[in-house]
Number of protein chains: 2
Amino acid sequence: MDDFLTLLVRAHKLLQAASDEAMSRHGVRIGQNLILEALWETDGLTPGEVASRARLPITTPTIVNTATRMEAAGLLTRRRDPKDGRLVRLYLTDRARAAQQPIRESRRQLAEHATATLTDEERAHLRTALLKIIQQLATDQAGPGER
Amino acid sequence: MDDFLTLLVRAHKLLQAASDEAMSRHGVRIGQNLILEALWETDGLTPGEVASRARLPITTPTIVNTATRMEAAGLLTRRRDPKDGRLVRLYLTDRARAAQQPIRESRRQLAEHATATLTDEERAHLRTALLKIIQQLATDQAGPGER
DNA sequence: GGAGTATCATTAGCTTGCTAATGAGACGGT
DNA sequence: ACCGTCTCATTAGCAAGCTAATGATACTCC
């Protein structure tokens with residue numbers, strides 16, 4: 001347990017596992033969260049729109065695959081757009097909509113629990129440190145693409 | 001971009017992608033790193049030993065699968081233990097051993113680059129914050145198992 | 001209006017991780 | 001010496017992510 005890469009990977013793994021367990025209690029898996037959040041906000045988005053609006057970068061094929069599992073699980077339905085036959089619109093079922101509050105609350109509790117032993121100051125520091133790292137690495141990605 | 005769960009997942013994703021890209025330049029993929037580290041330290045471990053010694057928790061099936069890909073990539077060879085027929089010992093090839101220094105250096109550089117915009121104090125804060133989160137979540141896991 | 005191009009979703013195929021089920025081999029006790 | 005149990009690695013099967021390739025539909029320009 002030494003360098004910060006290891007620490008971050010370890011923290012991430014534990015948090016993902018805990019998130020998945022928490023969400024599973026509501027019939028939802030961790031990978032479905034981004035899609036749910038996008039559709040809770042705006043129902044009837046296309047896979048591409050979900051990908052671009054998601055709170056975290058995610059590719060369209062991942063949305064499509066996850067949406068297929070969610071359809072099988074009765075969380076959403078697919079409907080072809082009547083005006084543009086290329087588009088597929090994703091609509092949440094009542095079950096998925098009903099899960100919104102419990103899931104949000106679970107995640108809030110998890111975040112609180114995970115950082116329970118930190119002081120407010122430490123939480124603030126953590127936040128800014130992560131933001132700086134993200135910014136540093138994200139600009140790398142943008143850079144090589146050039147302009 | 002709001003709660004710390006999101007920030008941590010985002011930072012993790014960027015770091016994993018950057019790590020994989022860096023290691024790929026040396027003919028190694030990110031998932032192979034834990035096995036390499038264990039075998040650099042002690043060659044000829046069994047999959048189960050690698051799993052228990054790895055710097056990060058990982059399951060034996062994951063070791064086995066990754067070892068199979070590494071074998072195909074010419075990074076290691078499998079040999080049955082002559083004394084105990086249940087055991088399989090993993091031995092690195094020269095190619096894998098030669099990659100040790102370059103890969104370590106690449107990862108060090110990546111960690112440095114990722115945290116380049118942080119002050120030393122911020123780095124220290126980040127480290128302790130992650131440790132606290134890990135400890136908090138890891139004790140959860142141990143707890144439910146009881147004693 | 002038809003051909004070529006652009007824009008979608010989807011499929012194919014890969015990696016990395018997991019749990020549960022299998023199967024082979026070793027070992028302890030009778 | 002054999003039977004049951006324990007300990008391994010492996011396989012099966014799933015989730016979640018990615019890039020590249022496909023295929024269907026729309027749009028644009030002549």
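Here the structure is a predicted model, which is why all the values come from computation and not from measurement. Here is how names work: the chains are called A, B, and so on, in the same order as the sequence lines, proteins then strands, and each is numbered from 1.
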Roughly, in whole Å, what's the span from [atom1] in [X] to [atom2] in [N]?
{"X": "Arg69(A)", "N": "dA15(D)", "atom1": "CZ", "atom2": "P", "result": "6 Å"}
{"X": "Leu90(B)", "N": "dT10(D)", "atom1": "CG", "atom2": "P", "result": "8 Å"}
{"X": "Arg79(A)", "N": "dA9(C)", "atom1": "CZ", "atom2": "P", "result": "16 Å"}
{"X": "Lys13(B)", "N": "dG17(D)", "atom1": "NZ", "atom2": "P", "result": "6 Å"}
{"X": "Asn33(A)", "N": "dA16(D)", "atom1": "CG", "atom2": "C1'", "result": "13 Å"}
{"X": "Gln16(A)", "N": "dT16(C)", "atom1": "CD", "atom2": "C1'", "result": "13 Å"}
{"X": "Lys83(B)", "N": "dC8(D)", "atom1": "NZ", "atom2": "P", "result": "16 Å"}
{"X": "Asp81(A)", "N": "dT7(C)", "atom1": "CG", "atom2": "P", "result": "17 Å"}

Side chain of [X] - closest among [options]:
{"X": "Thr59(A)", "options": "dA9(C), dT19(D), dC8(D)", "answer": "dT19(D)"}
{"X": "Thr46(B)", "options": "dG17(C), dA6(C), dA9(D)", "answer": "dA9(D)"}
{"X": "Thr62(B)", "options": "dA24(C), dA26(D), dC18(C)", "answer": "dC18(C)"}
{"X": "Ile30(A)", "options": "dA16(D), dC18(D), dA26(C)", "answer": "dA16(D)"}
{"X": "Pro61(B)", "options": "dT10(C), dA20(C), dA16(D)", "answer": "dA20(C)"}
{"X": "Asn65(A)", "options": "dC18(D), dT11(D), dG25(C)", "answer": "dC18(D)"}

Quiz prompt | Charged tip of Arg79(A) within 45° of Tyr91(A) ring normal and under 6.0 Å | solution = yes

Self-check item: Side-chain donor-acceptor contact under 3.5 Å, Glu105(A) with Gln101(A)
Solution: no

Quiz item: Are Thr6(A) and Asp3(A) close enough that a side-chain donor and a side-chain acceptor fall under 3.5 Å?
Solution: yes

How would you label the contact of [X] with the nucleic acid (heavy atoms, under 4.0 Å): base, sugar-phosphate, or nothing?
{"X": "Thr68(A)", "value": "nothing"}
{"X": "Val88(A)", "value": "sugar-phosphate"}
{"X": "Thr60(A)", "value": "base"}
{"X": "Arg80(B)", "value": "nothing"}

Practice problem: With the side chain counted from C-beta on, respond yes when Val50(A) and Ile58(A) share a heavy-atom pair under 4.5 Å apart, and no when they do not. | Solution: no

Quiz prompt | Heavy-atom side-chain proximity of His113(B) to Gln136(A) below 4.5 angstrom | solution = yes

Quiz item: Given that Glu49(B) and Pro57(A) both sit by DNA chain D, which one's nearest nucleotide is further toward the 5' end?
Solution: Glu49(B)

Quiz item: Start at the 5' end of DNA chain C and walk down; is the nucleotide closest to Pro82(B) or to Ile58(B) reached first?
Solution: Ile58(B)

